[in-house]
Amino acid sequence: MDYQDIISDWKQKKFRPLYWLEGEEDFFIDQVSTYAEHHLLDEAEKGFNLTVLYGKDTDWSTVINACRRYPMFAERQVVVLKEAQSMKDILKLEAYIDNPLSSTVFVVAHKQGKIDGRSKLAKLIKEKGVLLTTKKMYDNQLPAWVDAYVVSLGRAISQKAGILLVDHIGNDLSRMANEIDKLLVNLPPNKKIDENDIEKYVGISKEYNVFELQNALGQKDIAKVMRIINYFAANPKAGPIQMVLPALYNFFSKMNMVFGVKGGEKEVAAALGVHTFFVKDYVNAARQYGLEGTEKAILLLHAYNLRSIGINDSGVEDGELMKELVYKLMY
């Protein structure tokens with residue numbers, strides 16, 4: 001089951017006594033636990049039948065006692081255990097999970113990893129309840145996720161607007177969802193999100209951002225590259241060197257991989273771990289630089305990354321450091 005399947009079942013009044021949510025991606029865990037807390041019971045039922053506990057502030061006996069209570073004036077009670085990874089003696093929940101109460105919906109949010117799959121508790125979870133294991137999304141999955149999330153809210157987003165969000169925020173899905181929610185609050189109904197909206201409400205310039213810098217470098221468009229670098233120098237928060245250098249290193253590293261891939265667009269996309277939409281940019285950039293040029297660029301980026309943190313550098317301003325770097329990259 002994924003998180004949407006669990007919520008879909010709940011909407012159809014299908015319940016299991018245990019839902020164990022674990023893994024690396026907090027967003028999916030939060031979606032399920034928040035829904036359980038706010039939507040499984042009517043407002044009138046919550047006072048007697050909703051218990052929310054936090055792992056760092058509770059213990060196993062308190063949790064089990066809460067789960068063993070019977071609902072009052074309702075068909076079921078809901079117990080949500082948040083931050084379960086912080087609870088001591090969590091393995092002692094075995095006693096309840098081995099014989100759960102059918103009138104209790106017990107939701108456990110265990111973030112930042114998984115419990116030992118060899119333990120008795122792990123085996124009981126799979127036998128008695130629903131296990132949701134989450135993983136961080138790969139970069140090439142993010143544009144499709146953004147599009148799907150916006151569509152799930154009954155709206156639409158342009159491809160470039162989605163790319164700007166992904167490029168600026170990365171795989172922090174919680175922050176991504178917050179930014180999208182903020183956008184939709186500010187936009188008229190049925191308005192498709194475009195790059196102008198991203199610039200106005202998220203604060204990401206549609207012309208001066210790392211994504212546009214990568215494209216300009218890939219095309220060796222010196223005029224555009226310098227416009228963006230000058231903008232970053234004048235607006236440090238828009239393009240801090242600590243964000244720009246890793247992004248460029250990733251760009252040239254993927255470009256370098258193009259030379260070792262045999263096959264068409266799908267094969268290149270799979271090898272680079274990017275969406276097929278971006279393949280032509282990497283292939284065209286690889287032609288511009290050649291294998292020797294991409295290897296030189298990777299070495300330069302490593303050297304300038306060290307300089308940006310004060311190693312082998314006499315204190316050059318970030319803006320001047322970036323100007324020096326991009327010139328060397330293209331010539």
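Heavy-atom basis, side chains included; hydrogens, waters and symmetry copies ignored.
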Spatial distance of atom [atom1] ([X]) from atom [atom2] ([Y]) [nearest 0.5 Å]:
X      : Y      : atom1 : atom2 : answer
Leu41  : Lys46  : CG    : NZ    : 7.5 Å
Leu153 : Ile180 : CG    : CD1   : 7.5 Å
Glu212 : Asp221 : CD    : CG    : 10.5 Å
Gln31  : Asp26  : CD    : CG    : 11.5 Å
Phe232 : Ile241 : CZ    : CD1   : 11.0 Å
Lys200 : Leu187 : NZ    : CG    : 8.5 Å

Determine, using the 4.5 Å side-chain heavy-atom cutoff (strictly less than), whether [X] and [Y] are members of one ILVMFWY cluster.
X      : Y      : value
Val78  : Ile125 : no
Val52  : Leu93  : no
Phe251 : Leu291 : no
Leu132 : Phe106 : no

Please tell me whether Asp181 and Tyr149 have a donor and an acceptor in their side chains that are separated by less than 3.5 angstrom. yes

Cut-off 3.5 Å, side chains only: do Lys328 and Tyr304 have a donor facing an acceptor? yes

Given side chains that start at C-beta, do those of [X] and [Y] come closer than 4.5 Å, heavy atoms only?
X      : Y      : answer
Val63  : Val108 : no
Phe28  : Asp2   : no
Ser158 : Glu195 : yes
Arg307 : Leu321 : yes
Asn284 : Gln219 : no
His168 : Arg175 : yes

Please report whether the ring centroid of [Y] lies less than 6.0 Å from that of [X].
X      : Y      : value
Tyr331 : Tyr327 : yes
Tyr3   : Tyr35  : no
Tyr19  : Trp10  : yes

Measure from the side-chain N and O atoms of [X] to the backbone N and O of [Y], and report whether any donor-acceptor pair falls under 3.5 Å.
X      : Y      : result
Lys128 : Asp98  : yes
Ser8   : Gln4   : no
Asp194 : Asp197 : yes
Asp147 : Pro143 : no
Glu295 : Glu292 : no
Thr104 : Pro17  : no
Ser119 : Asp116 : yes
Asn209 : Phe211 : yes

Within 45° cone and under 6.0 Å: Lys92 NZ/CZ vs Tyr96 ring: no

Does the Lys NZ or Arg CZ of Lys136 fall within the cation-pi geometry relative to Phe27 - under 6.0 Å from the ring centre and within 45° of the axis? no

From CA spacing to verdict: side chain to side chain donor-acceptor pair (under 3.5 Å), Asp59, Thr62: CA-CA 6 Å; Asp59 56 50; Thr62 301; 2.9 Å; yes

Evaluation steps, side chain to side chain donor-acceptor pair (under 3.5 Å), between Lys323 and Asn230: CA-CA 8 Å; Lys323 290 176 187 177; Asn230 286 331; 3.2 Å; yes

Can you check side-chain contact (heavy atoms from CB on, under 4.5 Å) on Gln77 and Val105, steps first, answer last? CA-CA 6 Å; Gln77 69 152 342; Val105 178; over 6 Å; no

Working for side-chain contact (heavy atoms from CB on, under 4.5 Å), residues Lys296 and Leu300: CA-CA 6 Å; Lys296 170 193 167 187; Leu300 277 170; 3.8 Å; yes

Hey, mind stepping through Asn186 and Lys182 against side chain to side chain donor-acceptor pair (under 3.5 Å) and telling me if it holds? CA-CA 7 Å; Asn186 285 284; Lys182 183 173 71 176; over 6 Å; no

